[in-house]
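For the numbers below, each heavy atom of this structure counts, side chains included, while hydrogens, waters and symmetry mates do not.
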Amino acid sequence: MSTPTHAVGTRLSALTEAWRAFLRECPLDEPALVSLEPTCNRISIQAGHHQDVLDRLGELLLWAYTLTRVSAQWWHTSDGSLHISIEGRARTGVALKVYGGIPFDHCAGLVQLAPDASESVSLDEIYTLLGLLRE
């Protein structure tokens, strides 16, 4: 009979192997943080170790474009950030969450969210924000 610890260890091993396979398939910039979450069978990746806001948004999009079945949300945090969270699946089927943020005041009024408000957003909208900020 297997114990819950064994089951968690098995899920953790599977997530570790899925992470390695993902990195071989999609060699991207090194993330700021990676969390293997065996209880929800997901890998969370904090992208955006770049200092430049535009590079940080671009890096989030690069990670997002490696995923299928994508959903995204942005949130104007009470501390003045635009937090972006993108969820989807790698080609291996493992669930991934990629997240990062930029100072909200860098959005130049292009994102209309009150503090503590959030909304679903498409990758195209994030890409459009990036393009407009580059202009």
Side-chain angles (χ1 to χ4, degrees):
M1 171 157 74
S2 63
T3 63
T5 304
H6 177 62
V8 171
T10 302
R11 286 191 301 250
L12 184 58
S13 295
L15 283 175
T16 302
E17 288 308 311
W19 174 243
R20 287 181 181 148
F22 180 80
L23 287 179
R24 281 190 300 272
E25 199 173 290
C26 304
L28 297 169
D29 284 346
E30 192 165 311
L33 179 70
V34 175
S35 300
L36 304 179
E37 302 173 52
T39 55
C40 59
N41 201 33
R42 177 178 68 190
I43 300 170
S44 290
I45 302 159
Q46 181 182 359
H49 69 276
H50 293 282
Q51 294 301 314
D52 181 78
V53 169
L54 300 178
D55 289 343
R56 227 176 301 157
L57 280 176
E59 183 182 355
L60 268 173
L61 285 168
L62 284 174
W63 281 96
Y65 287 133
T66 67
L67 305 177
T68 61
R69 295 188 269 167
V70 175
S71 65
Q73 186 171 50
W74 53 24
W75 165 41
H76 182 179
T77 66
S78 59
D79 68 351
S81 294
L82 179 68
H83 179 86
I84 300 170
S85 179
I86 302 165
E87 295 191 38
R89 297 230 173 242
R91 284 183 230 164
T92 60
V94 69
L96 274 100
K97 175 182 177 182
V98 182
Y99 64 93
I102 63 171
F104 191 81
D105 60 355
H106 281 73
C107 295
L110 297 168
V111 177
Q112 300 295 312
L113 285 176
D116 287 325
S118 64
E119 68 181 4
S120 294
V121 64
S122 69
L123 295 185
D124 287 342
E125 289 172 295
I126 299 169
Y127 183 78
T128 298
L129 173 64
L130 177 59
L132 290 171
L133 292 176
R134 282 199 169 134
E135 290 179 357

Verify whether one side chain among S122 and D124 offers a donor that lies under 3.5 Å from an acceptor in the other. no
Inter-residue atom distance [X].[atom1] - [Y].[atom2], 0.5 Å rounding:
X: L15; Y: C40; atom1: CG; atom2: SG; value: 8.5 Å
X: E17; Y: T92; atom1: CD; atom2: OG1; value: 11.0 Å
X: Y65; Y: L123; atom1: OH; atom2: CG; value: 5.5 Å
X: R89; Y: R42; atom1: CZ; atom2: CZ; value: 10.5 Å
X: L54; Y: R134; atom1: CG; atom2: CZ; value: 5.5 Å
X: W74; Y: H83; atom1: CH2; atom2: NE2; value: 13.0 Å

Salt bridge or not between R56 and E59? Use side-chain N to carboxylate O under 4.0 Å. no
Check step by step if side-chain contact (heavy atoms from CB on, under 4.5 Å) holds for H106 and L133. CA-CA 8 Å; H106 281 73; L133 292 176; 5.8 Å; no
Quick check on side-chain contact (heavy atoms from CB on, under 4.5 Å): which of L60, L82, D52 does I102 satisfy it with?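 Answer to the side-chain contact (heavy atoms from CB on, under 4.5 Å) test with I102 among L60, L82, D52: L82.
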side-chain contact (heavy atoms from CB on, under 4.5 Å) partner of I84, the single match among V98, L57, L61: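 Of V98, L57, L61, side-chain contact (heavy atoms from CB on, under 4.5 Å) with I84 is met by L57 alone.
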Shortest non-hydrogen contact from [X] to [Y]?
X: K97; Y: S85; result: CE-OG, 3.3 Å
X: S118; Y: Q73; result: OG-NE2, 3.6 Å
X: L129; Y: C107; result: CD1-O, 4.4 Å
X: L67; Y: E87; result: CD1-C, 4.4 Å

Please check if the side chain of [X] supplies one atom and the backbone of [Y] the other of a donor-acceptor pair under 3.5 Å.
X: S78; Y: D116; value: no
X: E135; Y: L132; value: no
X: H50; Y: D55; value: no

Looking at F104, I want to see if its CZ is surrounded by more than 12 non-hydrogen atoms of other residues, nucleotides or ligands under 6.0 Å.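 Yes, enclosed.
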Give me the other members of the hydrophobic cluster that L33 sits in, counting Ile, Leu, Val, Met, Phe, Trp and Tyr linked by side-chain heavy atoms under 4.5 Å, directly or via other members.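 The other cluster members (ILVMFWY side chains, heavy atoms under 4.5 Å, direct or chained) are Y99.
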If Ile, Leu, Val, Met, Phe, Trp and Tyr residues are connected whenever their side-chain heavy atoms lie under 4.5 Å apart, and connections chain through other members, are W75 and V70 in the same group? no
